Amino acid sequence: MGALSFLLGTVADLYMACFVIRLALYWHGADPRDPVAAVVLRLTNPLAAPFRLLAKPSRRVETHVLVAFLVLECALVWLTAGIGCAADPTIVQIAAFGLVRALRLVLWFYLLAVVAWALMSWFSPSGYNPLAGALHRICSPALAPIRRLLPGMGGIDFSPLVLILGLQLALSFLPGVEVAASLSCAQGFSPI
């Protein structure tokens, strides 16, 4: 049961990461014809399209995708709590834990995107790569304020390191084990 739970949780998290990528690309004005954006659009449209009736996209945020993302995160909390926890969560707990789960996924996405972007800049500094272009479009706005604050270091950019440390610090403040204890979950299990 543990291996199946791990496998299903990993697949669900990877699929939910597609929603985060879509929101980040739209926020930063990516071209929908870009290969990375096209794949993400194709993967997320089946579940995001019905929410278009509830929320219209704004200039910077695809609100229907954001609503679909949050609803799906809450559904995942409800499903996983039903599988591995003794206590049934209330609707308020499901919404709160869904928001925490969504925030955790967004922070992890940016952390991994910055690491990937930094590694790609070292090993493939020239030439066009659609993934490198998408990562640059996503990471550069987050790194710009840090670059303005850091003094010049002789051509070495420490802003990715500072952002990674900040994201890890933010992740450390999010609840995890406390949620499992409040719902009487099995040992080593948490719905978020």
Side-chain angles (χ1 to χ4, degrees), residues 8-82 88-117 130-146 160 163-164 166-176 179 190-192:
L8 292 175
T10 301
V11 169
D13 286 343
L14 288 173
Y15 184 69
M16 296 310 296
C18 290
F19 281 89
V20 175
I21 294 168
R22 180 174 173 168
L23 289 166
L25 287 173
Y26 190 85
W27 177 271
H28 297 296
D31 185 5
R33 295 172 299 194
D34 182 287
V36 174
V39 168
V40 170
L41 285 170
R42 182 167 279 189
L43 287 172
T44 56
N45 264 343
L47 292 179
F51 287 93
R52 194 178 292 269
L53 300 172
L54 297 175
K56 301 292 181 202
S58 70
R59 188 173 68 85
R60 296 285 304 250
V61 178
E62 283 185 299
T63 48
H64 67 287
V65 175
L66 180 62
V67 170
F69 172 62
L70 294 174
V71 166
L72 289 172
E73 286 291 359
C74 290
L76 284 171
V77 167
W78 178 71
L79 286 172
T80 55
D88 288 331
T90 65
I91 192 77
V92 173
Q93 286 176 318
I94 290 172
F97 298 157
L99 286 174
V100 168
R101 185 178 163 86
L103 183 58
R104 179 173 299 198
L105 186 59
V106 168
L107 291 174
W108 269 110
F109 165 74
Y110 270 98
L111 184 116
L112 294 174
V114 169
V115 169
W117 179 75
L131 182 59
L135 288 173
H136 177 73
R137 185 177 291 275
I138 290 169
C139 295
S140 290
L143 294 169
I146 298 169
L163 183 59
I164 289 168
L167 291 169
Q168 286 180 328
L169 182 66
L171 279 165
S172 71
F173 286 114
L174 291 177
V179 171
S190 177
I192 59 170

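Heads up: numbering here begins at 1 and tracks the sequence. From a predicted model like this one, the values you see are computed outputs, not experimental measurements.
- A side chain to side chain contact (heavy atoms under 4.5 Å, CB included) with I138 is found for exactly one of L25, V114, V20, namely L25.
- Residues W108 and L171 have side chains in contact (heavy-atom distance under 4.5 Å, counting atoms from C-beta outward).
- Minimum heavy-atom separation, G98 to C74: CA-SG, 3.9 Å.
- The shortest non-hydrogen separation linking P141 to H136 is CD-O, 4.3 Å.
- The local environment of CG in L169 is crowded, with over 12 non-hydrogen atoms from other residues, nucleotides or ligands closer than 6.0 Å.
- In this structure, L99 and L70 have side chains that are in contact, with non-hydrogen atoms separated by less than 4.5 Å.
- Scanning all heavy atoms of the two residues, the minimum distance from L47 to A68 falls at O-CB, 4.0 Å.
- For the 3.5 Å distance criterion, the side chains of N45 and R22 qualify, holding a donor opposite an acceptor.
- When all heavy atoms are compared, the tightest approach of L143 to W117 is CD1-CZ3, 3.2 Å.
- Within the structure, salt bridge (Lys or Arg N to Asp or Glu O under 4.0 Å) pairs that include any residue of residues 64-80 comprise E73-R101 (at least two apart or interchain).
- Atom-to-atom distance recorded for D13:CG and L105:CG is 6.5 Å, nearest 0.5 angstrom.
- Between R60 and Y26, the shortest heavy-atom distance links the atoms O-CD2, 3.5 Å.
- Counting heavy atoms from C-beta outward, F51 and V65 have side chains that stay 4.5 Å or more apart.
- Note that CG of L23 and CZ of F109 are 9.5 Å apart. Values are rounded to the nearest 0.5 Å.
- Under the rule for a salt bridge (charged side-chain N to carboxylate O under 4.0 Å, His left out), R42 has no partner lying at least two apart in sequence or in another chain.
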Apply side chain to side chain contact (heavy atoms under 4.5 Å, CB included) to R104 and L107, showing your working. CA-CA 5 Å; R104 179 173 299 198; L107 291 174; 5.9 Å; no
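- Atoms CG and CZ, from D34 and R137 in turn, are 8.0 Å apart once rounded to the nearest 0.5 Å.
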Give the C-alpha distance, both sets of side-chain angles, the deciding distance and a yes or no for side chain to side chain contact (heavy atoms under 4.5 Å, CB included) between V36 and L135. CA-CA 10 Å; V36 174; L135 288 173; over 6 Å; no
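- The CD1 atom of I21 sits 11.5 Å away from the CE atom of M16 when rounded to the nearest 0.5 Å.
- Within a 6.0 Å sphere centred on NE2 of H64, other residues, nucleotides and ligands contribute more than 12 heavy atoms.
- Of the inter-residue distances, the one linking L167 atom CG with S172 atom OG reads 11.0 Å to the nearest 0.5 angstrom.
- Ring geometry, F69 versus F19: the interplanar angle falls under 30°, so the pair is classed parallel (tilted spans 30 to 60°).
- With hydrogens and angles disregarded, no donor-acceptor distance shorter than 3.5 Å links the side chain of Y110 to the backbone of L163.
- Summarising the geometry, atom CZ belonging to R52 is positioned 9.0 Å from atom OG1 belonging to T63; distances are rounded to the nearest 0.5 Å.
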